[in-house]
Each structure stands twice: as structure tokens, then as C-alpha cells.
2 protein chains.
Amino acid sequence: MPKKVDHAERRRLIADALMRVAAEQGLEAVSLRHVAAAADVSAGMVQHYFRTKDEMMTFALSVVQERSRRRVEAAMARLGDDPAPRDLLRAMVVALLPLDEPSREDGRVALAFLAYTAVRPQTALRSETQQMVGFIESLLPGGKSGDAAALLALMEGLGLYLLGGQYTPEQALAALDAQLDRLFSA
Amino acid sequence: MPKKVDHAERRRLIADALMRVAAEQGLEAVSLRHVAAAADVSAGMVQHYFRTKDEMMTFALSVVQERSRRRVEAAMARLGDDPAPRDLLRAMVVALLPLDEPSREDGRVALAFLAYTAVRPQTALRSETQQMVGFIESLLPGGKSGDAAALLALMEGLGLYLLGGQYTPEQALAALDAQLDRLFSA
DNA sequence: GCCTTGACATTGCAGTTGTATTGGAAAACG
DNA sequence: CGTTTTCCAATACAACTGCAATGTCAAGGC
């Protein structure tokens, strides 16, 4: 056997470069050569680790999803044991919002992939949305049906407006807290 | 002067073709030749009415915005004079949600442009978001700050999940009504 | 010491892209 | 009638795209 290299690591390296390109110039600018240049490797190497561009895109998409999943887990773990439901929900939503520059970058990439998959049903992003709705529902008092789905959608919308610059972080957080107030007051 | 043609109408015709292409295959598939083929005209004609692709894109973007604005106006006008604030708000949000197939198409195009403009600050989509927030605020009772922004963000998020297929129209409407209940109950 | 195998790099190719250019046709105006 | 001005078509072109093919090189197993 020849040189041993960490296959998975190389793929992540390339996917990182892809996400950098996508965050700055959109998915339309993602080409084998651009990604290779951003990763400072040859185009041949990219082809070596991804036999097709589609394979590369799909992998990058999974990296994006994985990263946001970890963000949420970390935020929730940071709360310690047995946190109050409201704190748990707030931490979860805040972890998913593009509030600082790194997560804004991720957000732009995620938005690009959202539009990308919207016209490519086969590249479906397996969504954990339904489980999230169930999880949120178990944390909400009262439990009017629709409240959980609304909170999740609120998060998504706040993310969009944060990315677009229509809402400031303060506005977004105020909106979130207003909603949590309503959900936990009565 | 030579043949007189309705300049604006031709441009709308081309923009419509562009939106069809974008709705089916995404903005990446939007090229002069594809759009021309979809409009069943020659590529030269497209170039005649839009000197550059960017000009065509910008115009199409404005058409999308204009169309959704009209949708809202029509829905609100349909309510007659002096409607209840809750009904007004509900009609407005429902008009913006991609609930049937035509508006789903528009939604896909809008989503594509959202990702498109996210990495092209100069092609900023002038947002009427702040005015909308103000308008909603004037209709809400109590008027906790943040409630209006939250409702608007909720709408956006519901739209995304409807497009993605994560929420059914029934789920989305249930979430909306649950929120309106909360806003108008206390 | 071969020699296989995996890790790259380079090059070529057919197709598509946006744009510039050219040319013709036809309609209003003098 | 002739000229001009707009409408549109066709073509040319350089740059780019994804992908396949080919080459080089080194690290192991036998």
C-alpha cells in the first residue's frame, strides 16, 4: 500500500473550502477548480476524493447539517443537568440563529443549499424537523397544538431576517423572548 | 420609427420565462439561451431587451417582489372595509404563504433570489420589512415589543417549511392560528 | 528487487456560458 | 422614394464548466 492519508480528513478539508466559496460567492461559484484553489490543492486532488461534483456537494451538505447539530448539542450540554424547559428552548434556538460572523457564514451556506435542494428532490436533506417539533412540544406547558411548530418556524424566519440584515440581533432576540414569554406565561 | 412593440410587455414575457426556469431548475440553470428557449424566442431578442444578464436578473427580481405585493393587496382588499385586525393579519400572512402550486412556484423563485442576493450586497432587495413590522404592530393589541417582528418571522419560517415539505398546509395554518390565538387572547 | 496500489498532477475535450458584433428587415418620418 | 431607427437573428469568441484519460511518484507487500 502507498502513502496512507486520512481519507475523511481530506474530504472535510475540501468541503470546508467549498463552504468558504459558497459563503462568499454562492453555490453558483462552486466549481471543481474554484474549490481546489480555495483549498490550495490541485483540481486533480479534488477529483480524486470526489468522483463527481454532485458527490462533493452532497458531502458538503451533510457537513453543514452535522455542524449545526453539534452546535445545538453543545449549547444544550452547556446548560448542565435538568435545566428549565424555557432555558433549554432558548439555548437551542439561539444556537441555531446566525448571530455572530462564523455562524452567519454557515447560515449563508445553509441558505444556498436550501435553494439548491428545493429544485433537486433526489438530494433531499433529511430533516429532523418532525422530531424537533415533538421535542419542543414535550417542553412546552399547556401544549396547544401548533405552538411547537410555530416556535420552530419562528426560529427559521428569524434566521432569514438576520442573514438578510432586516433584523438586528437585538431585534431577533427580543422577538424570541417575547414569544417565550407568551408560551410560558399563561 | 420602426415597428412599435410594447417594450415593458416583452420584458415581462422574458422575466416570466426566467421565473419558470428558476422555479424548475434553480437560478443556476438560468442562462440567456435557456430563458430564450423557455420563452420561445431567440437568444438575440433576450439580449435586445436586456443588455446584460445582471440587468435581466434584477428586473426579474423586481417582478417577483411586485407580484407578492399585489397578492397581499388583493387579499386585503377582499376583506372589505374595516375588517377585524386579526382577520386582516391572517389574510396578509396567508396571502404570502406558498399554499397552492402557483404560489409554491413563486416561493421557490423567491427562495432562489434570497440566496442569490445574500452574496450580492449591491443587488439588495429593498425590503419593506420595517414598514411591515410597524403595520403589524399597529394592529396588535397589548403591543409587547417583539411580537410584530415575531409574527413576520413566523410567516417566513412557515413559508420555508411549506416549500421544503416539512410542514403540510394544515400544520402551517394550525401554527399560524395558534399564534394568532395567543396574540389576541390576553 | 519487482510490482502492485493508492495519491496525486496534468492535460485534453466537448459543451456551455456571457457578451460583442454583424447583418438584415421593416416600419415610420421626411 | 429614401432614410433612419428600431427590432431581432445569427454568429463569433474567449472563458469557463465537469469529467475522463493519462502520467508520475512513492510506499508498502511478496
Side-chain angles (χ1 to χ4, degrees), chain A residues 1-61 112-113 115-117 119-120 122-123, chain B residues 1-61 112-113 115-117 119-120 122-123:
Chain A
M1 278 188 237
K3 276 187 288 190
K4 74 161 205 178
V5 294
D6 189 336
H7 205 78
E9 190 204 334
R10 290 279 204 242
R11 285 168 72 101
R12 266 195 305 266
L13 181 110
I14 296 173
D16 274 3
L18 189 159
M19 287 160 61
R20 253 176 285 139
V21 174
E24 289 172 18
Q25 321 181 49
L27 275 193
E28 313 188 18
V30 169
S31 72
L32 296 193
R33 290 163 177 84
H34 276 164
V35 170
D40 200 40
V41 300
S42 80
M45 172 161 163
V46 176
Q47 268 191 106
H48 182 69
Y49 286 100
F50 298 100
R51 282 178 314 184
T52 162
K53 181 188 176 182
D54 229 66
E55 193 181 315
M56 179 174 69
M57 299 289 266
T58 305
F59 180 77
L61 174 55
F113 270 113
Y116 181 79
T117 58
V119 290
R120 276 170 198 77
Q122 75 281 15
T123 319
Chain B
M1 277 187 237
K3 274 187 290 190
K4 76 159 205 178
V5 295
D6 188 336
H7 206 78
E9 190 205 334
R10 290 277 205 244
R11 284 167 73 100
R12 264 194 307 265
L13 181 110
I14 295 174
D16 275 2
L18 188 158
M19 287 161 62
R20 255 175 284 139
V21 173
E24 289 171 19
Q25 320 180 52
L27 275 192
E28 314 189 19
V30 169
S31 72
L32 296 194
R33 290 160 177 87
H34 277 164
V35 170
D40 200 39
V41 301
S42 80
M45 172 161 161
V46 175
Q47 264 191 114
H48 181 69
Y49 287 99
F50 299 101
R51 284 178 314 184
T52 162
K53 182 188 176 183
D54 229 67
E55 192 181 318
M56 180 174 68
M57 299 290 268
T58 305
F59 179 78
L61 175 55
F113 271 111
Y116 181 78
T117 57
V119 291
R120 277 170 197 75
Q122 76 280 14
T123 319

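Here is the naming used below: chain letters follow the sequence lines, and residue numbers restart at 1 for every chain.
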Worksheet item: Is the shortest side-chain N/O distance from B:H48 to OP1 or OP2 of D:dC8 below 4.0 Å?
Response: no
Discussion item. I'd like to know if the side chain of B:R51 reaches the main chain of B:Q47, judged simply by a donor and an acceptor atom lying under 3.5 Å from each other, with no hydrogens or angles considered.
Written reply: no
Item to complete: For B:Y49 and for A:V30, locate the closest nucleotide of DNA chain D by heavy-atom distance; then report the residue assigned to the nucleotide nearer the 5' terminus.
Response: B:Y49
Worksheet item: Taking the side chain of B:L32 as heavy atoms from C-beta outward, which of D:dC8, C:dC8, C:dT19 is closest to it?
Response: C:dT19
Practice prompt. Whole angstrom is fine here: how far is it from CD in B:Q47 over to C1' in C:dA20?
Written response: 8 Å
Worksheet item: Could you give the CG-to-P distance, from A:D6 to C:dG6, as a whole number of Å?
Response: 16 Å
Worksheet item: Rounded to the nearest Å, what distance is computed from the CD atom of residue B:E28 to the P atom of nucleotide D:dT17?
Response: 12 Å
Item to complete: Send over the distance from B:R51 CZ to D:dC8 P, rounded to a whole Å.
Response: 17 Å
Worksheet item: Would you say the side-chain atoms of B:R11 pair up with the backbone N or O of B:Y49, donor to acceptor, closer than 3.5 Å?
Response: yes
Item to complete: For A:D54 and D:dT17, give me the distance from atom CG to atom P, rounded to whole Å.
Response: 17 Å
Practice prompt. Determine yes or no for a side-chain-to-main-chain donor-acceptor pair under 3.5 angstrom, with B:S31 supplying the side chain and B:H34 the backbone.
Written response: yes
Discussion item. Closest approach to the side chain of A:T52, judged atom by atom: which nucleotide of D:dG18, D:dC19, C:dT19 is it?
Written reply: D:dC19
Worksheet item: Rounded to the Å, how far apart are A:Q25 CD and D:dT17 P?
Response: 10 Å
Worksheet, complete the sentence: From CE of A:M45 across to P of D:dA26 the rounded distance in Å is 18 Å
Worksheet item: Where the side chain of B:R33 is concerned, which of D:dC7, D:dC19, C:dT17 is the nearest nucleotide?
Response: C:dT17
Item to complete: Describe the nucleic acid contact of B:V35 in one word from base, sugar-phosphate, nothing, applying a heavy-atom distance below 4.0 Å.
Response: nothing
Discussion item. Taking 4.0 Å as the cut-off, does a side-chain nitrogen or oxygen of B:S31 come that near to OP1 or OP2 on C:dT17?
Written reply: yes
Worksheet, complete the sentence: Separation of D:dT17 atom P from A:M56 atom CE, nearest Å, is 11 Å
Discussion item. Over 60° means perpendicular and under 30° means parallel, so tell me whether B:H48 and B:H7 are parallel, tilted or perpendicular.
Written reply: perpendicular
Worksheet entry | side-chain N/O B:R10 vs D:dC8 OP1/OP2, d < 4.0 Å | yes
Discussion item. Would you say A:H34 places a side-chain N or O within less than 4.0 Å of OP1 or OP2 belonging to D:dT17?
Written reply: yes
Worksheet item: Counting heavy atoms not belonging to B:D40, are there more than 12 under 6.0 Å from its CG?
Response: no
